[in-house]
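Down below is the structure, laid out as structure tokens.
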Amino acid sequence: MKKIEKKSVLVSGASIAGPTLAFWLHRFGFNVTIVERANELRTGGQNIDVRDKAQKIVQLMGLESKILAANTGELGVRFVDGKNRIKAEFPKGEAAFGTAELEILRGDLATILYDATKDNVEYIFGDQITALDDQESSVAVTFKNNPPRSFDLVVAADGIRSTTRTLMFGREPNIKYIGVYCAYLTIPKMASDNSWAYWYNAPQSRVITLRPDNEGTTRAAFSFLSPDKGYEKLDLAAQKEILKQKFADAGWQAPRILADLDTSNDVYLDGISQVKAPRWTNGRYAMVGDAAYCPTPMTGMGASLSIIGAYILAGELSRHDNCQKSFAAYEKLFRPYVEDIQNLPPGVPWMAHPKTTFGIALFNTVLGIASSKTVRKLGKRFSGKKKKTKERIKLPNYG
Ligand SMILES: Cc1cc2nc3c(=O)[nH]c(=O)nc-3n(C[C@H](O)[C@H](O)[C@H](O)COP(=O)(O)OP(=O)(O)OC[C@H]3O[C@@H](n4cnc5c(N)ncnc54)[C@H](O)[C@@H]3O)c2cc1C
């Protein structure tokens, strides 16, 4: 391995991708600075998971036991009808879309990654990059609140709405809305809430989910199919009104969640979009995580892609003196895997949001069959064989 001593890297965004990249860059001998727009680490967000090769990477980072200790305790996913009758049940680890072994609140994972890096990485909170100038031998960076500085490389890890990405690539990346809005909020836990996640379909292509957490509250989510209406740009009061109108007659636990809308302090509504960028690197610039290749919650794997991408980008930077070679290797190795993950299965998100009561009954019947013990056994056998013949990505060992 050719080691590039003390090259300086500026990373924008302190969530999952940024601190993971910083962890590995520091280990490979780089000087890393992270600039985060928020005044402190953002600890909000709901249940996310660490899957596939990302699990191996957090093992290598020595963080797997901490992530397991912060587990949400979710036992699996139950699909129910309006009378709370279970139509299908997928215990933890038994379905690609269901509960994973490493299931954790986003804020807990961000905190674990921050704690693992804060002593070796310079964190600047409450600031953001306002201008970048790639001067071939280095990048001149202007900040909103701090004096200008110069870095060898700059990486955007500031999420799906990254403004650093725009400074680097202009309008080249495509932010593709996939036709579904999701709203998330934390609500008080009721006696009827247990350690299972619940999924309920209401007519007119609406879904409500309830998930357990390890903080004594319940995580609720609404989703609904809709053309792009720009709801994410409205203020919070207007967004709450839209949710009240959309879900007033949805049944099941809708009245309870809507009653908590006005008191919940973390209501968040957004249109679900994928980021498709023809390139993730340019000169001395690179992107990682949602900023580069957000896959959407419909495919899952957002946090996992961030962790795997950050590991590969750092590893390739450690392998070559020339960052162009490193960037080319990062794109070559990781892009096929990202494209595979971003490939929405036919009918998604429509299939999971049937419009009519007949469609919902059919959806639940199909899931009921898929979740039956016999089919799950067959599925396990089949996927076991598939895994042996085709590994989706081989993680390089960067030493
Ligand atoms: C507060 C929050 C809550 C979330 N909740 C969920 C959830 O419930 N379920 C889910 O599936 N996913 C959620 N996500 C998204 C999830 O974290 C990502 O899909 C995934 O983990 C990839 O992470 P990332 O590090 O690439 O980007 P993100 O997690 O989106 O993090 C981007 C970071 O960059 C910071 N930032 C943004 N703009 C700038 C800027 N211009 N300069 C500097 N910093 C900037 C943000 O404050 C944030 O800390 C949430 C993200 C955030 C930030």
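Both ligands and their constituent atoms are indexed starting at 1 by order of listing.
Contact residues for ligand 1 (protein heavy atom closer than 4.0 angstrom to any ligand atom): Ser12, Gly13, Ala14, Ser15, Ile16, Ala17, Val35, Glu36, Arg37, Arg42, Gly44, Gly45, Gln46, Ile48, Arg106, Gln128, Ala157, Asp158, Gly159, Thr163, Gly289, Asp290, Gly302, Ala303, Ser306.
With no hydrogens or angles considered, no side-chain donor-acceptor pair links Ser304 and Asp52 at under 3.5 Å.
The aromatic ring centres of Tyr200 and Tyr198 sit 6.0 Å or more apart. A ring-centre distance under 6.0 Å is not found for Phe169 and Tyr285. The aromatic ring centroids of Tyr311 and Tyr398 lie less than 6.0 Å from each other. Separation of the Phe222 and Tyr181 ring centroids does not fall under the 6.0 Å cut-off.
Applying the side chain to side chain donor-acceptor pair (under 3.5 Å) test to Asn282 and every residue at least two apart in sequence or in another chain returns Arg279.
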